[in-house]
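A short write-up of the structure that comes next.
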Amino acid sequence: MAGYSAYQLDPGPLEPSVLTQQHTHRSRDIWDGSVNMILNTRRCDGKLWDLVKKYPIHPRVLEVIELSGLYGVYRSNRPIIDRSLITSLVERWHPKTHTFHFRTGEATITLQDVEVLYGLPVNGDPILGDESMRTIGDWQNICQRLLGFIPRPQDFNRSSLKVTALNAHMLEQLQLPDLATQDIINQMARCYMFWMIAGMMMADTSGNYLKLMYYPMLKDLNVVSSYSWGSATLVCLYRFLCKASQSNQNEIAGFLPLLQVYLITTSIIYKYFFYFIIS
C-alpha cells in the first residue's frame, strides 16, 4: 500500500525529443495548468440556414446546386457545433503529422471521409482562387455579373464582402417567378453556393465577411462540379487545426461540421467494430 500511494502518474510525453513543437503547443499549457480556455468557433453561415429554413430554395435553383457537387453541404443543414468537443480535438492535433493523437493511436480525416460524409468531389481541378488586387469598382462589376446585384462600397473589406449585404440581396429575390430566365436562376444559385463555400466549407476567422477569391470558380456553372472541392475543404481545415493548436490562439475556423461529424461517425464505427469482436 505504501508503494502504491507513493506512485505518481507521469502525464507525458514520455519522449520529448520527438515532439519538436511541444513547447508552443496548447497541450503543454494544459499539462502546466496555465490554460482552461474553450476555442471560439468562427463561421458565418447562420443567416444562410435561417434564410433556407424560412424560405426554401426555389426548385430550379436547387437543381443547379445539385449539379454543382456541393449539394451534400446543403443537405447537411445547420449542425450545432460543440465548442468543447472541437477544443478537445485540437488539443490532440499534431501539426507535423496532421493527425489526432488518441489513446488508441493516431487518426485523421481523409479525402474519403470528406467524399463519403458530404459528397464533395475529391478528384478534378484544384481550387486556386483569385487573390489578384482589384478595386471596389471591379468587385462591384463582378458581383453584378455573377450574383445579380451591386454591393455598396462600404460592404467591402479589401477582397471580402459583408455577409449582411449578400443576405439583404437574397431576401429581395426570394419570390422568383416561374418564368425567370436561366441567368437569374444561375445568379441565385451562385449566391447560395458562394455562401456555403466562403462561409462554411472554407470559412476564415473574419466572422462577418466572405472572401471573394472563390468567385472565378463559380463563373461557369457547367464546370463547378469538375473542381476538387473536397480537397480544398480538407486542406483549409488542416490549416486551421494547425494554427489553433498553438498556445497563443483562441479561435478556429474551417469546415468544423466535418470535424464534428467525422468524430461522431468514427466513434460509432469503433463501437460496432468492438461489439462484433466481443460477441
So does [X] have more than 12 non-hydrogen atoms from other groups sitting under 6.0 Å from [atom1]?
{"X": "Asn123", "atom1": "CG", "result": "no"}
{"X": "Gln154", "atom1": "CD", "result": "yes"}
{"X": "Arg158", "atom1": "CZ", "result": "no"}

**Request:** Verify side chain to side chain contact (heavy atoms under 4.5 Å, CB included) between Met217 and Ile197, making sure each step is shown before the conclusion.
**Result:** CA-CA 10 Å; Met217 307 291 104; Ile197 294 169; 6.0 Å; no

**Message:** Any donor-acceptor pair under 3.5 Å linking the side-chain atoms of Asp138 with those of Thr135?
**Reply:** yes

Contact summary for [X] and [Y], nearest pair of heavy atoms:
{"X": "Ser228", "Y": "Ile127", "value": "O-CG1, 3.7 Å"}
{"X": "Gly254", "Y": "Phe240", "value": "N-CD1, 3.8 Å"}
{"X": "Tyr227", "Y": "Pro121", "value": "O-CG, 3.4 Å"}

**Prompt:** Taking it one step at a time, do Ile142 and Trp139 satisfy side chain to side chain contact (heavy atoms under 4.5 Å, CB included)?
**Reply:** CA-CA 5 Å; Ile142 293 175; Trp139 285 121; 3.8 Å; yes

Using a 4.5 Å cut-off on heavy atoms from C-beta on, say whether the side chain of [Y] contacts that of [X].
{"X": "Leu221", "Y": "Arg190", "answer": "yes"}
{"X": "Leu218", "Y": "Leu146", "answer": "no"}
{"X": "Leu48", "Y": "Met200", "answer": "no"}
{"X": "Ile150", "Y": "Cys143", "answer": "no"}
{"X": "Asn40", "Y": "Ile252", "answer": "no"}
{"X": "Cys236", "Y": "Phe255", "answer": "no"}
{"X": "Met201", "Y": "Val114", "answer": "no"}

About how many Å separate [atom2] of [Y] and [atom1] of [X], when rounded to the nearest 0.5 Å?
{"X": "Tyr55", "Y": "Gln175", "atom1": "OH", "atom2": "CD", "result": "8.0 Å"}
{"X": "Tyr71", "Y": "Ser76", "atom1": "OH", "atom2": "OG", "result": "11.0 Å"}
{"X": "Asn167", "Y": "Cys44", "atom1": "CG", "atom2": "SG", "result": "11.5 Å"}
{"X": "Cys242", "Y": "His94", "atom1": "SG", "atom2": "NE2", "result": "10.0 Å"}
{"X": "Leu210", "Y": "Leu161", "atom1": "CG", "atom2": "CG", "result": "6.0 Å"}
{"X": "Leu67", "Y": "Leu62", "atom1": "CG", "atom2": "CG", "result": "10.0 Å"}

**Request:** Start with the C-alpha gap between Thr233 and Tyr118, add the side-chain angles, then the distance that decides, and say whether side chain to side chain contact (heavy atoms under 4.5 Å, CB included) holds.
**Result:** CA-CA 11 Å; Thr233 300; Tyr118 285 92; over 6 Å; no

Between [X] and [Y], is there shared hydrophobic-cluster membership here, with clusters defined by ILVMFWY side-chain heavy atoms closer than 4.5 Å?
{"X": "Tyr192", "Y": "Met213", "value": "yes"}
{"X": "Met196", "Y": "Val223", "value": "yes"}
{"X": "Met202", "Y": "Val235", "value": "no"}
{"X": "Leu171", "Y": "Val163", "value": "yes"}
{"X": "Met170", "Y": "Leu176", "value": "yes"}

Judged by atom type as modelled, is there a donor-acceptor pair below 3.5 Å linking the side chain of [X] to the main-chain atoms of [Y]?
{"X": "Thr87", "Y": "Leu39", "answer": "yes"}
{"X": "Gln140", "Y": "Pro151", "answer": "yes"}
{"X": "Trp229", "Y": "Val224", "answer": "yes"}
{"X": "Glu115", "Y": "Gly230", "answer": "no"}

**Prompt:** Could you give all pairs that pass the salt bridge (charged side-chain N to carboxylate O under 4.0 Å, His left out) test and reach residues 59-80, with sequence neighbours left out?
**Reply:** Asp50-Arg78

**Request:** I would like to know whether Phe194 and Tyr215 meet ring pair (Phe, Tyr, Trp, His ring centres under 6.0 Å); could you show each step before the answer?
**Result:** CA-CA 7 Å; Phe194 170 60; Tyr215 270 159; 4.6 Å; yes

**For Leu234, the option from Thr110, Leu111, Val122, Asp113 that meets side-chain contact (heavy atoms from CB on, under 4.5 Å)** = Leu111

**Asked** What's the verdict on side chain to side chain contact (heavy atoms under 4.5 Å, CB included) for Lys47 and Trp195, showing C-alpha distance, side-chain angles and the deciding distance?
**Response** CA-CA 10 Å; Lys47 291 184 180 295; Trp195 204 341; 3.8 Å; yes

**Message:** In terms of relative ring orientation, are Trp93 and Phe100 parallel, tilted or perpendicular, with 30° and 60° separating the classes?
**Reply:** perpendicular

**Asked** Between Phe149 and His169, what is the ring plane arrangement, given parallel below 30°, perpendicular above 60°, and tilted in between?
**Response** parallel

**Prompt:** Is there any side-chain hydrogen bond (donor to acceptor under 3.5 Å, both in side chains) pair reaching into residues 199-209, and which pairs are they, with sequence neighbours excluded?
**Reply:** Asp204-Ser206

**Message:** Taking salt bridge (charged side-chain N to carboxylate O under 4.0 Å, His left out) as the definition, give me every residue that meets it alongside Asp45, ordered by chain and number, with sequence neighbours left out.
**Reply:** Arg43

